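On a predicted model such as this, the values are computed, not experimentally measured, just so you know.
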Amino acid sequence: MRLRAVLFDMDGTLLDSAPDFIAICQAMRQERGLEPINEKLIRDQISGGARAMVAATFAMSPEEPTFEALRLEFLERYQSHCAVFTHPFAGMAELLGEIEKAKLIWGVVTNKPLRYAEPIMQQLGLAERSAILICPDHVTNSKPDPEPMTLACKTLGLDPASVLFVGDDLRDIESGRAAGTKTAAVTYGYIHPDDNPRHWGADVVVDNPQELIGVLDRALCSC
């Protein structure tokens with residue numbers, strides 16, 4: 001079936017949001033008189049969300065009494081600091097241009113809540129170009145459940161088999177496969193050191209956005 005659309009996970013796939021997460025974590029440490037920590041410790045936990053990043057930032061278990069207050073502070077800070085340093089990954093602008101040039105649809109399916117995802121897309125000038133933005137607010141079950149991907153395909157009026165879903169987490173690949181889409185795993189995202197995208201069962205694995213251009217060219221030429 002001819003490829004009709006490319007859908008992206010947001011953090012670690014479409015956008016490098018790590019700089020904003022890192023800035024917030026370092027600021028929270030500084031205000032408590034703590035030394036900066038290695039940025040990699042934070043970056044390695046991004047796929048685990050606020051809970052994992054806060055735990056790494058303060059070397060603290062989520063079960064500790066003061067943890068929840070720190071997590072809520074992190075989220076409050078992120079609300080007003082979610083698109084200060086965030087930017088598309090190198091090569092992503094070219095990839096999106098090639099997708100649009102080929103008359104394909106593209107959009108975002110993310111586990112990031114709408115209150116963060118929507119302003120980020122708007123501030124980066126991507127909202128008007130993206131055909132769809134699916135967040136946990138729109139579904140009952142988030143990735144790895146297929147519901148977000150199924151909803152995206154249904155809303156766009158597309159057969160899942162004509163859609164390629166690109167992600168940097170096993171949950172992305174599981175969601176896409178369960179929904180019936182083609183899947184691409186990226187190695188440049190926020191991959192935990194103990195994880196390996198080549199073991200996720202994706203249809204293709206790429207090391208950078210430019211490689212995805214080649215994947216799209218082959219998909220379009222084979223139809």
Colleague: Just by distance, do the side chain of Ser162 and the backbone of Asp159 share a donor-acceptor pair under 3.5 Å?
Modeller: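 Indeed, once roles are kept as given, a pair shorter than 3.5 Å links the two residues.
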Colleague: How about Asp195 and Trp200: does a side-chain donor come under 3.5 Å of a side-chain acceptor?
Modeller: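 Yes, Trp200 and Asp195 have a side-chain donor paired with an acceptor closer than 3.5 Å.
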Colleague: Inspect the surroundings of CD in Gln26 and state if more than 12 heavy atoms from other residues, nucleotides or ligands are less than 6.0 Å away.
Modeller: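 Yes - once you tally the heavy atoms of other residues, nucleotides and ligands closer than 6.0 Å, there are more than 12.
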Colleague: Would Val109 and Leu95 show up in the same hydrophobic cluster when neighbours are defined by side-chain heavy atoms closer than 4.5 Å?
Modeller: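 No, separate clusters.
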Colleague: Please determine if Arg71 and Glu76 form a salt bridge, counting it only when a charged side-chain N lies under 4.0 Å from a carboxylate O.
Modeller: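 No salt bridge links Arg71 with Glu76.
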Colleague: List the residues meeting side chain to side chain donor-acceptor pair (under 3.5 Å) with Arg43, not counting sequence neighbours, and say none if there are none.
Modeller: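 So Arg43 forms no side chain to side chain donor-acceptor pair (under 3.5 Å) with any residue.
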Colleague: Please test Thr66 against Glu64 for side-chain hydrogen bond (donor to acceptor under 3.5 Å, both in side chains), starting from the C-alpha separation and ending with a verdict.
Modeller: CA-CA 6 Å; Thr66 57; Glu64 293 190 37; 5.0 Å; no
Colleague: Could you point out which residue of His81, Gln79, Glu73 forms a side chain to side chain donor-acceptor pair (under 3.5 Å) with Arg77?
Modeller: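 Between Arg77 and the candidates, side chain to side chain donor-acceptor pair (under 3.5 Å) is satisfied uniquely by Glu73.
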Colleague: Shortest non-hydrogen contact from Glu68 to Arg51?
Modeller: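 For Glu68 versus Arg51, the nearest heavy atoms are OE1-NH2, 4.3 Å.
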Colleague: Would you say Thr57's side chain and Cys25's backbone share a donor-acceptor pair under 3.5 angstrom?
Modeller: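 Flag not set: sc Thr57 to bb Cys25 has no pair under 3.5 Å.
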Colleague: Donor-acceptor pair, Arg171 side chain versus Ser47 backbone, under 3.5 Å?
Modeller: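 Looks like yes, one N/O pair under 3.5 Å.
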Colleague: Under a 4.0 Å N-O cut-off, is there an ion pair linking Arg177 with Asp145?
Modeller: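 Answer for the salt bridge query: no.
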Colleague: Working to the nearest 0.5 angstrom, can you tell me the gap between Ile134 CD1 and Glu147 CD?
Modeller: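 So the gap between those two atoms works out to 9.5 Å.
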Colleague: Ignoring hydrogens and angles, write down the donor-acceptor pairs under 3.5 Å from the side chains of residues 113-124, residues two or more places apart or on other chains.
Modeller:
none

Colleague: Does the side chain of Lys182 come within less than 4.5 Å of Pro160's, by heavy atoms?
Modeller: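 Answer no - side chains too far apart.
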Colleague: So, Asp169 side chain and Asp172 main chain: donor-acceptor pair closer than 3.5 Å or not?
Modeller: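 Here the side-chain-to-backbone pair does not exist.
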Colleague: If you define the side chain from C-beta out and look only at heavy atoms, does anything of Asp9 sit under 4.5 Å from Val166?
Modeller: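 No, too far: nothing below the 4.5 Å cut-off.
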Colleague: Any side chain to side chain donor-acceptor pair (under 3.5 Å) involving residues 85-108? Give me the pairs, sequence neighbours left out, ordered by first then second residue.
Modeller: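 Checked against side chain to side chain donor-acceptor pair (under 3.5 Å) - neighbours excluded - the pairs reaching residues 85-108 are Asp20-Thr86, Glu100-Trp106, Glu100-Arg129.
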Colleague: Please answer whether the main-chain N or O of Tyr190 pairs with a side-chain N or O of Asp168 as donor and acceptor at a distance below 3.5 Å.
Modeller: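 Between the backbone of Tyr190 and the side chain of Asp168 there is a qualifying donor-acceptor contact (under 3.5 Å).
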Colleague: Between Phe21 and Tyr78, is the gap from one ring center to the other below 6.0 Å?
Modeller: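 Between Phe21 and Tyr78, the centre distance is under 6.0 Å.
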